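These numbers were taken from a predicted model, which means no experiment stands behind them. Quick note on labels: first sequence line is chain A, next is B, and so on, each numbered from 1.
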Protein chains: 2
Amino acid sequence: MSSARSLSRRSTPRVRLNEGALEMVARRFAVLGEPMRLRLIQALFAGKKHVNALVAETGGTQANISRHLQTLTQAHILSRQKEGLQVFYEIADPSIFQLCDQVCGSLQQDIARQADVFEG
Amino acid sequence: MSSARSLSRRSTPRVRLNEGALEMVARRFAVLGEPMRLRLIQALFAGKKHVNALVAETGGTQANISRHLQTLTQAHILSRQKEGLQVFYEIADPSIFQLCDQVCGSLQQDIARQADVFEG
DNA sequence: CTTAAATATGAGCATATACTCATATACGCG
DNA sequence: CGCGTATATGAGTATATGCTCATATTTAAG
C-alpha cells in the first residue's frame, strides 16, 4: 500500500471541525448519497434542464424528482430558475464535478484491487 | 456566478455512469454522510488508533463505534489490523483527505455567501 | 373566467439505518 | 483451564427518509 505514505506529507495542517461544521459536511455527503440524486446531477452535467426533461431522462415519477430537486437546491448544489410554466435546474456548485470524479477514481481503484485478487 | 463558467471547459469528457457504478458512488457518499463516521475519520487523520482510543476520543459507545468502523472498513475507507487484544484502524483511502477538504471548501463558500447577504 | 400544463407539496406507508443493551467471540495471562 | 480485557454482533427500538397518490399552486392561453 504505497498510497498510505502520502498521508503524512501535507503542507497545511488539517483543520479540526467543530460539531456544527461536521454536521454540515455530513449533510452534504448524505445529500449526494442517493442514486436518484446522482442521476439528476449527472443529467445536469450537460447543462440546465427543466423538471419534465429530468423526469423523462431519469425515469422517475414527477413527484419524486421534484422532491429530490428540492433537496439538492436546498443544499446549494443546484440552482432553480422559473421561466413561465417551467422550472429549470442547473448545477450551481462546480466542486460537484471534482467530487464525483474523485469518488469515481477511488472506486475504480477498489475495483481494480478486487480484480487483482482474481487475476492473482 | 462566475464559477459556473468553468463547467464547459473540460478536456476529458465526463463519463456517464451505468446503474451499478452509480449506486457504488452513492454508497460511498452515503457512508461519509454520518457525523459520527466523519468524527472517526477525523480522529484517524492523526494516524492509526485502536477502538478504545476512538471510543474515548469521540464519546460514543463501544458498540456503536465498532459498527461504524465496520461500515467504514467495508467501504475500503479504513483498514483494520489486529494486534493482540486490540484492533487498530487506519485510513486506507487517501482520497478521503481531498474529499473532505473539497466539501469543507465549498461549504465555506456557502457560508461566506450567506454572510454576504447580511453584510449587504 | 375557465381550462390546461408544469411543478410543488401534504399525507401515509415502507424501508433503511443509527442507536442501545446484552451477550458472544477472541486473545493474553496466570 | 479459568479469568479479565478488547472488540464484535444479535436483537429490538426509534427515527429518518424515499416513494407514491392525490391534490394544491402557479402560470399561460383561449
Side-chain angles (χ1 to χ4, degrees), chain A residues 19 22-44 47-92, chain B residues 19-20 22-44 48-92:
Chain A
E19 190 57 27
L22 195 135
E23 282 184 10
M24 290 181 73
V25 173
R27 178 60 190 163
R28 167 145 304 209
F29 278 125
V31 167
L32 295 173
E34 285 296 328
M36 181 58 90
R37 285 199 283 268
L38 286 186
R39 241 172 275 152
L40 289 168
I41 289 173
Q42 236 193 171
L44 290 170
K48 77 172 174 182
K49 293 177 182 170
H50 60 266
V51 179
N52 264 348
L54 292 166
V55 169
E57 192 170 339
T58 60
T61 65
Q62 184 271 321
N64 197 28
I65 298 304
S66 180
R67 287 221 145 80
H68 283 306
L69 289 171
Q70 182 182 228
T71 300
L72 287 163
T73 305
Q74 284 173 350
H76 303 290
I77 292 169
L78 302 185
S79 67
R80 196 190 111 110
Q81 21 187 144
K82 201 162 191 177
E83 293 184 15
L85 268 184
Q86 300 181 327
V87 176
F88 284 82
Y89 286 88
E90 181 178 20
I91 293 181
Chain B
E19 189 57 27
L22 195 134
E23 282 184 11
M24 290 180 73
V25 174
R27 177 62 189 162
R28 167 144 304 209
F29 278 125
V31 166
L32 295 172
E34 285 297 328
M36 181 57 92
R37 283 199 284 268
L38 286 185
R39 240 172 276 152
L40 289 168
I41 289 173
Q42 236 193 171
L44 290 170
K48 77 172 173 181
K49 293 178 182 170
H50 61 264
V51 179
N52 262 349
L54 292 166
V55 169
E57 192 169 340
T58 61
T61 66
Q62 184 270 321
N64 197 29
I65 298 304
S66 179
R67 288 222 144 79
H68 283 306
L69 290 171
Q70 183 182 227
T71 300
L72 288 163
T73 304
Q74 283 173 350
H76 302 290
I77 292 169
L78 302 185
S79 66
R80 196 191 111 111
Q81 21 186 146
K82 202 160 187 176
E83 295 185 13
L85 268 184
Q86 299 182 326
V87 177
F88 283 83
Y89 286 89
E90 182 177 19
I91 293 180

Notebook entry, point to check: Any Lys/Arg nitrogen of B/Lys49 or B/Glu57 sitting under 4.0 Å from an Asp/Glu carboxylate oxygen of the other?
Noted result: yes
Check: Hey, mind stepping through B/Glu23 and B/Glu19 against side chain to side chain contact (heavy atoms under 4.5 Å, CB included) and telling me if it holds?
Finding: CA-CA 6 Å; B/Glu23 282 184 11; B/Glu19 189 57 27; 3.2 Å; yes
Margin query: Can you list, in residue-number order, the parts of residues 80-88 of chain A that come under 4.0 Å of DNA chain C, counting heavy atoms only?
Written below: A/Arg80, A/Leu85, A/Gln86, A/Val87
Next item on the list: With a 4.0 angstrom cut-off to heavy atoms of chain A, pull out the first and last contacting nucleotide of DNA chain D, in 5'-to-3' order.
Entry: D/dT17 to D/dA28
Which atom pairs link the protein and nucleotides 17-21 of chain C when you take only N or O atoms and keep those under 3.5 Å?
from	atom 1	to	atom 2	distance (Å)
C/dA18	OP1	B/Glu34	OE2	3.2
C/dA18	OP1	B/Arg37	NH2	3.4
C/dA18	OP2	B/Arg37	NH1	3.2
C/dC19	OP2	B/Asn64	OD1	3.2
C/dC19	OP2	B/Asn64	ND2	2.9
C/dC19	OP2	B/His68	NE2	2.5
C/dC19	O5'	B/Asn64	ND2	3.3
C/dT20	OP2	B/Thr61	OG1	3.2
C/dT20	O4	B/Arg67	NH1	2.9

Next item on the list: Identify, with sequence neighbours excluded, every residue that meets side-chain contact (heavy atoms from CB on, under 4.5 Å) alongside B/Met36.
Entry: B/Arg39, B/Thr58, B/Ile65, B/His68
Item checked: salt bridge (charged side-chain N to carboxylate O under 4.0 Å, His left out) contacts touching residues 61-80 of chain B (sequence neighbours left out) -> none
Margin query: When you measure from the side chain of B/Arg37 to the backbone of B/Leu72, do you find a donor-acceptor pair of N or O atoms at a distance under 3.5 Å?
Written below: no
Notebook entry, point to check: Step by step, would you call A/Ile91 with A/Leu78 a side chain to side chain contact (heavy atoms under 4.5 Å, CB included)?
Noted result: CA-CA 4 Å; A/Ile91 293 181; A/Leu78 302 185; 4.0 Å; yes
Note to self: With a 4.0 Å cutoff (strictly under), does any side-chain N or O of A/Asn52 reach OP1 or OP2 of C/dA5?
What the structure shows: no
Next item on the list: Return each pair, listed once, that meets salt bridge (charged side-chain N to carboxylate O under 4.0 Å, His left out) where at least one residue sits in residues 26-35 of chain A; pairs must be two or more places apart or across chains.
Entry: A/Arg28-A/Asp93, A/Arg28-B/Asp110
Next item on the list: Quick one: do B/Leu44 and B/Leu54 satisfy side chain to side chain contact (heavy atoms under 4.5 Å, CB included)? Show the steps, please.
Entry: CA-CA 8 Å; B/Leu44 290 170; B/Leu54 292 166; 4.1 Å; yes
Checklist line | Shortest non-hydrogen contact between B/Phe88 and B/His50, atoms and distance | finding: CD2-N, 3.6 Å
Notebook entry, point to check: Base, sugar-phosphate, or nothing for A/Gln70, non-hydrogen atoms under 4.0 angstrom?
Noted result: sugar-phosphate
Notebook entry, point to check: Can you tell me how far C1' of C/dC27 sits from NE2 of B/His50, to the nearest Å?
Noted result: 15 Å
Margin query: Let's go through B/Leu32 and A/Val25 carefully: what are the C-alpha distance in whole Å and the side-chain angles of both, what is the deciding distance for side chain to side chain contact (heavy atoms under 4.5 Å, CB included) to 0.1 Å, and is it a yes or a no?
Written below: CA-CA 9 Å; B/Leu32 295 172; A/Val25 173; over 6 Å; no
